[in-house]
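One structure below.
What you see below is based on every heavy atom in this structure, not just the backbone, and it leaves out hydrogens, waters and symmetry mates. Remember, it's a predicted structure, so these values are computed and weren't measured experimentally.
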Amino acid sequence: MKRCELVCSNLETHGVDGLIVTSEPNVRYLSGFTGSESFLFLSHTARVFITDSRYIEQAEDECPGFEVVRYRHPYPELEAVLGGLAAKHGVRNLGFEKDSIMFSLYDRLANSGLEAQLVPTAGIVETLRYVKDDCEIQLIAKAARIADEAFRHILEIVETGIEEKDIEIELDYFMKKAGAAAAGFPTIVASGPRSSLPHAVPSRRKIEYGDFVTMDFGAMYGGYRSDMTRTIVMGRANDTQREIYETVKRAQAVGCSQIRAGVAGAGPDRAARDVIKDAGFGDFFGHGVGHGVGLEIHEEPFMSPKCERTLVAGSVVTVEPGIYLPRWGGVRIEDTVVVKEDGCEVLTLSSKELIALSA
């Protein structure tokens, strides 16, 4: 409930005296609820969890300190419930999360006769999520350890002739067997010329001798996620592959070296990008060097050329430069790290040396 108190202490700075929380990660962050299609109503006098008949018992177990209120047939619809709560608790300016609310819900609220003024807000809860507490970091670290175990396992499985899709399935299965609730996000496996696709969907392509194989994956544990990428080679790497791999490895190390509290997000991005640019591959690294990780796989803080928001001790981010040569292939190396006052702590500990698997 302390998180709810912090949210409510900041309501007036956003011009509201009540808030509807519709973002599923924010609902979980504030209430501990692990289900879906549920909402929070918060004010200085209210901590209300709103859900339907499917989740009543679950909410009563998972959300201590909240009044659990039903909506949907045979109970009133959500807009009627929110209107009644706003009137009961004297809310005149009711904030809503403009980046997550469905327009259909907003439209129903706006036309429901609600006496409170609807006010769009952004970042009230996300500002708190920007910095992870010790418990959150421990959950992310556990997710990272599961992913490291999965990587060690997959190195025993990958061979020429295996399909990208089979590698994906094996990684996801192993992580769940090792204790993950699920994969942290859709696993990426891209081989040979397809490894130039940063977000490739695993295909039925079979791994061939000489291929780069890029695997971008993570685990979800306790609602929190890890994220790592490793690129391996089947057989013996050629000179161009070694050059590109070592360039990305240097860039990733330099990027990590720039992570510390007080640094603008553009700083680590620029440092890593300069290594790749100086090696002559600047045109082949397009995405930002990293992003926050937590209840969502992509959240603040972000690190790209235009990110001026500063990193804070306790933030958890990825560092993931890459080089992608269209229709030839590519390399990405990625770690999840915790921002510290004077550096960073790497949570994903799998080797970043170029691993060559015998074909």
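Proximity of a side-chain donor or acceptor of Asn10 to a complementary backbone N or O of Leu6 within less than 3.5 Å is detected. Counting only distance, with no hydrogens or angles, the side chain of Arg129 and the backbone of Pro25 share no donor-acceptor pair below 3.5 Å. For Arg236 (side chain) and Val233 (main-chain N/O), no donor-acceptor pair under 3.5 Å exists by modelled atom type. Remark: the backbone N or O of Arg92 is not paired with any side-chain donor or acceptor of Gln117 at under 3.5 angstrom. Judged by distance alone, with hydrogens and angles left aside, the side-chain atoms of Arg273 form a donor-acceptor pair with the main-chain N or O of Phe285 at under 3.5 Å. In terms of modelled atom types and a separation under 3.5 Å, the side chain of Arg260 and the main chain of Val339 share no donor-acceptor contact. Between the side chain of Ser196 and the backbone N or O of Pro326 there is no donor-acceptor pair closer than 3.5 Å. Using modelled atom types, one side-chain atom of Asn111 and one backbone atom of Asp107 make a donor-acceptor pair closer than 3.5 Å. In this structure, the side chain of Ser38 engages the main chain of Ser36 through a donor-acceptor pair within 3.5 Å. Under a 3.5 Å cut-off, the side chain of Ser43 and the backbone N or O of Gly18 do not form any donor-acceptor pair.
Side-chain contact, Glu208 with Thr160: no donor N or O sits under 3.5 Å from an acceptor N or O. Side chains of Glu164 and Ser191: a donor-acceptor N/O pair is present below 3.5 angstrom, by distance only. With hydrogens and angles left out, the side-chain atoms of His14 and Thr121 include no donor and acceptor closer than 3.5 Å. Counted by atom type alone, Tyr324 and His287 present one or more donor-acceptor pairs between their side chains at under 3.5 Å. His291 and Glu296 are not linked by any side-chain donor-acceptor pair at a separation below 3.5 angstrom, with hydrogens and angles left out of the test. Using a 3.5 Å distance cut-off with no hydrogens or angles, the side chains of Asp172 and Thr187 do pair a donor with an acceptor. With hydrogens and angles left out, the side-chain atoms of Thr348 and Thr336 include no donor and acceptor closer than 3.5 Å. For the 3.5 Å distance criterion, the side chains of Glu320 and Thr318 qualify, holding a donor opposite an acceptor. Between the side chains of Ser23 and Ser100, no donor N or O sits under 3.5 Å from an acceptor N or O.
Heavy atoms only, all atoms of each residue included: Val263 and Pro268 are closest at CG1-CD, 3.7 Å. Closest of all the heavy-atom pairs between Gly330 and Thr231 is O-CG2, 4.1 Å.
Using a 4.5 Å heavy-atom cutoff, the side chains of Ile124 and Thr13 are not in contact. For the pair Glu299 and Arg225, the minimum side-chain heavy-atom distance is 4.5 Å or more. Side-chain atoms of Thr22 and Leu40, non-hydrogen and from C-beta on, never get closer than 4.5 Å to each other. Looking only at side-chain heavy atoms (C-beta outward), Glu67 and Arg47 stay at 4.5 Å or farther from each other. Looking at heavy atoms from C-beta onward, Glu126 lies out of side-chain contact with Glu300 at the 4.5 angstrom threshold. At a threshold of 4.5 Å between non-hydrogen side-chain atoms, the residues Thr34 and Arg28 count as touching. Looking at heavy atoms from C-beta onward, Val21 lies out of side-chain contact with Phe39 at the 4.5 angstrom threshold. Here the side chains of Val91 and Phe41 are in contact, with some heavy-atom distance below 4.5 Å.
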> Do Val213 and Val189 pass the side chain to side chain contact (heavy atoms under 4.5 Å, CB included) test, and can you show the C-alpha distance, the side-chain angles, and the key distance before you say yes or no?
Replying inline: CA-CA 7 Å; Val213 182; Val189 180; 4.3 Å; yes
>> For Leu94 and Val119: C-alpha separation, side-chain torsions, deciding distance, then whether side chain to side chain contact (heavy atoms under 4.5 Å, CB included) applies.
In response: CA-CA 6 Å; Leu94 181 58; Val119 180; over 6 Å; no
> Going through the checks in order, is the side-chain hydrogen bond (donor to acceptor under 3.5 Å, both in side chains) test met by Glu159 and Ser358?
Replying inline: CA-CA 8 Å; Glu159 61 184 1; Ser358 59; over 6 Å; no
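Heavy atoms from other residues, nucleotides or ligands lying under 6.0 Å from CZ of Phe185 number more than 12. Counting non-hydrogen atoms of other residues, nucleotides and ligands closer than 6.0 Å to CZ of Arg242 gives a total above 12. The 12-atom threshold is exceeded at CG of Asp61, counting heavy atoms of other residues, nucleotides or ligands nearer than 6.0 Å. No more than 12 heavy atoms of other residues, nucleotides or ligands sit less than 6.0 Å from atom CD of Glu115. Counting heavy atoms of neighbouring residues, nucleotides and ligands inside a 6.0 Å radius, atom CZ of Arg204 exceeds 12 of them.
With rounding to the nearest 0.5 Å, the separation of CD in Gln258 from CE in Met303 is 11.0 Å. Atom CD of Glu168 is separated from atom CD of Glu163 by 11.5 Å, given to the nearest 0.5 angstrom. Rounding to the nearest 0.5 Å places CZ of Arg3 at 11.0 Å from CG of Asn26. Interatomic distance, CZ of Arg230 versus CG of Leu354, reported as 12.5 Å (0.5 Å rounding).
For Ser350, the side chain to side chain donor-acceptor pair (under 3.5 Å) partners two or more places apart in sequence, or in a different chain, are Asp148. By the side chain to side chain contact (heavy atoms under 4.5 Å, CB included) test, Lys340 pairs with Val338, Asp342, Glu345, sequence neighbours left out. With sequence neighbours left out, Arg72 forms a salt bridge (Lys or Arg N to Asp or Glu O under 4.0 Å) with Glu37, Asp52. A search for ring-ring contact (aromatic ring centres under 6.0 Å, His included) contacts involving Phe151 returns nothing, not counting sequence neighbours.
Ring geometry, Phe49 versus Phe33: the interplanar angle exceeds 60°, so the pair is classed perpendicular (tilted spans 30 to 60°).
In the hydrophobic cluster analysis, where Ile, Leu, Val, Met, Phe, Trp and Tyr join through side-chain heavy atoms closer than 4.5 angstrom, Val316 is grouped apart from Leu311. Hydrophobic clustering places Ile162 together with Met175 (ILVMFWY residues linked when any side-chain heavy atoms are closer than 4.5 Å, directly or through intermediates). Hydrophobic clustering, with ILVMFWY side chains joined whenever heavy atoms are under 4.5 angstrom apart, groups Val27 together with Leu11. Hydrophobic clustering (side-chain heavy atoms under 4.5 Å, transitive across Ile, Leu, Val, Met, Phe, Trp, Tyr) groups Ile276 together with Tyr245. Residues Ile323 and Phe212 are members of one and the same hydrophobic cluster, defined by side-chain heavy-atom contacts under 4.5 angstrom among Ile, Leu, Val, Met, Phe, Trp and Tyr.
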When the side chains of residues 216-224 are checked against the rest of the protein, which donor-acceptor pairs come out under 3.5 Å, sequence neighbours left out?
residue, atom, partner, partner atom, Å
Asp216, OD1, Thr229, OG1, 3.3
Asp216, OD2, Thr229, OG1, 3.2
Asp216, OD2, Arg332, NH2, 2.9
Tyr224, OH, Glu136, OE2, 2.5

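Of the charged side-chain nitrogens involved, none lies within less than 4.0 Å of a carboxylate oxygen, so that Lys277 and Asp274 do not count as a salt-bridged pair. With respect to Glu5 and Lys2, no salt bridge is recorded, no charged nitrogen being found less than 4.0 Å from a carboxylate O. A salt bridge is absent between Asp278 and Arg250: the closest approach of a Lys/Arg side-chain nitrogen to an acidic carboxylate oxygen does not fall below 4.0 angstrom. Residues Lys249 and Glu353 are paired through a salt bridge, judged by an N-O separation under 4.0 Å between the basic side chain and the carboxylate.
Clustering of Ile, Leu, Val, Met, Phe, Trp and Tyr by side-chain heavy atoms under 4.5 Å joins Val312 with Tyr130, Val131.
Both tests do not hold together for Arg309 against Phe302: distance to the six-membered ring centre under 6.0 Å, angle to the ring axis within 45°.
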